[in-house]
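The structure under discussion appears below in the form of structure tokens.
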Amino acid sequence: MDARFWHAGVPKAGMSSPPKFDRIRRRSEFASIFARGRSLADYALVLYWRERTVGPPRVGFCVGKQLGKAVTRNRIKRLLRESWRVLAAEVEIPADLVFVARRGGVCFSLAEWVASMRGLLRRAKLLGEGNG
RNA sequence: CAACUGUGCCGGGCAACCGCGGGGGCGAGGACCGAAAGGUCGCUUCCGAGGAAAGUCCGAGCUCCACAGGGCAGGAUGCUGGGUAACGCCCAGCGGGGGCGACCCCAGGGAAAGUGCCACAGAAAAGGAAACGCCCAACGGAACCCGCCCGGGUUUCGCGGCAAAGCUGAAAAGGUGCGGUAAGCGCGCACCAGCGGCCGGGUGACCGGUCGGCUCGGCAAACCCCAUCCGGAGCAAGACCGAAUAGGAGGGAGAUAGGGUGGCCCGCCCUUCCCUCGGGUAGGUCGCUGGAGACGCCGCGGCAACCGGCGUCCUAGAUAGAUGGUUGCCACCCCGUGGAUCGCGAGGUUCCGGGGUACAGAACUCGGCUUAUAGGUACAGUUUUCAA
RNA sequence: GCCGACGUAGCUCAAUCGGUAGAGCAGCUGAAUCGUAAUCAGCAGGUUGUCCGUUCGACUCGGAUCGUCGGCU
């Protein structure tokens, strides 16, 4: 009990800022989400997701080689991470999400990525009521 | 206010807020995640992509595997001398080619070790030749003449002489000129090219001189020969920790349930359960950044590449892979039936608005090469020119 | 990241030792048919991915470059 109180109490300084989001990193997790998750897409992004019973939402990004060379792909990943940083607080349902970039979004700016991502999340009904 | 050549350098800057990766320090009690190995949090401070990080074309370090020694096969390199840990790289030179020039380019050993190829055309494409042709001095014919034989003359010819010219080709058996000849030929001579010997200079590639006999096609980025070098794989190398499941080895349990061996019993083996052990997968940690290191200065060191000495500094270490987002100001470039101003004019200066700022992202680490690259800039030099 | 293989007509593939780049399908024109398909005859279509080099002469030989496709956690 003492220890649990300490754990809950210490990160209160961090709680005021948006919580650090969890990433999906293992190859097996990506594979199972692609295999058994649900999916939605627009012309710039594909969203795969699988709901979970407990815990914060986790996210992974996938930018394939058809999107361009290393510089282009790195830039797209950074913009996707930034977009998720903007939207993560609005997602209230625990789930594993994977965003796959498509060719239509090569020239997107941050605002366009955020708009695309928000649209997909709304269609998947993963956003909280206040933001939906 | 020009056109170039060589060697280099920079690769937008400053500030604010939010966010990311790593090192150090503190919180810290071993709480949380995980079966374990191990990982996770907060605050603070410092650091955080390139000249090519790229292509993976060479050379090394490092790691594992193989290995007595030597040879063959295979591969790479290829003028000379240096530099270097090493190189196919760099520097200096030699030879050849290009440019008015500064300078640039060259896979630049051997064709007399051997094999092979040189299409079409052409007489002939390499120890070899004459169809068209040129010439009758000698040789051998034919016709005519000197009246006939002998002997001779003229013309013409070849089973005679020739390879110069013409023809073909990318390339034709040294080239040009003069002499010589029946016509010709290095047949003779002069110069040039090539070959060989000698002398001199140079470490050497080679250069200069001289003498000689007169002469030998090209292709080795065709096989090959010669000289030198090379064991193979690559950090996804490799080392350590290590579940679940399956399988392996050892020990034990059951008072023998089932199966096998056997005529039957004992025994032995398998199936069941427990414990231990080692191999090893997922996963994790290390390898992982301090090095042929960077920068500065000096040296009667070297033409230079480079070498030596001294001083200062620590300057990315991710692993679905860290540098981003939003702004403000400045720098540069482009656009404008835009405004002002100078000018006859092409146009220049300034203000305003809009847009843009290349090529491109470390993945074990170095030395090179190659390729991509907006714009800017330093030094040295060439040509034309009154002048740059 | 590392290691390999391949680029030829619109498509699928040939081209021996370096000597004029061919075949099938597709396309166009004509014949034949009332018309179409099939058939027959003819035609066009290529800087051999790109750029250098060796050679008298490169699809072929050498080098660079671009692109495509595999293999190794």
Side-chain angles (χ1 to χ4, degrees):
Chain A
M1 291 302 268
D2 193 10
R4 187 180 298 169
F5 170 76
W6 200 91
H7 174 63
V10 165
K12 67 175 173 266
M15 283 305 235
S16 61
S17 66
K20 178 179 161 58
F21 53 86
D22 289 333
R23 296 283 305 280
I24 297 169
R25 295 180 189 277
R26 290 170 189 260
R27 191 174 191 79
S28 58
E29 291 174 324
F30 274 92
S32 77
I33 291 166
F34 285 138
R36 291 197 287 277
R38 305 172 65 193
S39 66
L40 274 175
D42 63 10
Y43 65 97
L45 263 183
V46 184
L47 168 63
Y48 290 86
W49 83 97
R50 195 171 57 172
E51 295 185 9
R52 291 198 303 168
T53 54
V54 72
R58 300 191 305 162
V59 68
F61 302 104
C62 188
V63 180
K65 224 164 190 179
Q66 296 185 339
L67 275 292
K69 307 195 97 171
V71 174
T72 313
R73 283 181 279 137
N74 275 339
R75 169 152 185 86
I76 290 168
K77 274 186 270 190
R78 286 166 184 154
L79 290 173
L80 286 173
R81 281 201 300 270
E82 185 69 22
S83 306
W84 177 252
R85 200 165 71 87
V86 171
L87 293 171
E90 305 177 11
V91 177
E92 296 177 348
I93 297 161
D96 286 341
L97 311 169
V98 174
F99 290 98
V100 180
R102 306 176 77 180
R103 274 211 176 156
V106 170
C107 300
F108 269 23
S109 67
L110 179 69
E112 291 171 298
W113 281 116
V114 170
S116 171
M117 191 178 282
R118 189 191 297 276
L120 287 176
L121 290 171
R122 183 178 295 127
R123 284 165 60 194
K125 303 192 191 313
L126 292 169
L127 294 180
E129 290 298 322
N131 303 303

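To find a chain, count down the sequence lines: A is the first, B the second, and so on, and within it residues start at 1. All figures in this text were calculated on a predicted structure; none of them were measured in a lab.
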A:Phe30 stacking on B:A320: centroids under 5.5 Å, ring planes under 30°? yes
Tell me, please, which residues at least two apart from A:Glu82 pass salt bridge (Lys or Arg N to Asp or Glu O under 4.0 Å). A:Arg85
A:Arg81 side chain N/O closer than 4.0 Å to the phosphate oxygens (OP1, OP2) of B:A320? no
Residue whose closest nucleotide on RNA chain B lies nearer the 5' end, A:Lys77 versus A:Lys69: A:Lys77
Expressed as a whole number of angstroms, how long is the span from A:Arg78:CZ to B:A322:P? 6 Å
Nearest whole angstrom, please: distance from the P of B:G325 to the CZ of A:Phe108. 16 Å
If I pick the C1' atom on B:G279 and the same atom on B:A249, what distance separates them, to the nearest angstrom? 11 Å
For A:Glu112, what residues pass the salt bridge (Lys or Arg N to Asp or Glu O under 4.0 Å) criterion, not counting sequence neighbours? none
Which donor-acceptor pairs under 3.5 Å do side chains of residues 61-73 of chain A form with protein atoms, sequence neighbours excluded?
{"from": "A:Arg73", "atom 1": "NE", "to": "A:Gly68", "atom 2": "O", "distance (Å)": "3.0"}

Would you write the dot-bracket representation of RNA chain C, where each base gets (, ), [, ], | or . depending on whether it forms a Watson-Crick or G-U pair under 3.5 Å and with which partner? (((((((..((((.....[..)))).(((((.......))))).....(((((..]....)))))))))))).
Sequence neighbours excluded, every pair satisfying ring-ring contact (aromatic ring centres under 6.0 Å, His included) that has a member inside residues 89-108 of chain A: A:Phe108-A:Trp113
With sequence neighbours excluded, what pairs up with A:Arg58 under the salt bridge (Lys or Arg N to Asp or Glu O under 4.0 Å) test? A:Glu29, A:Asp96
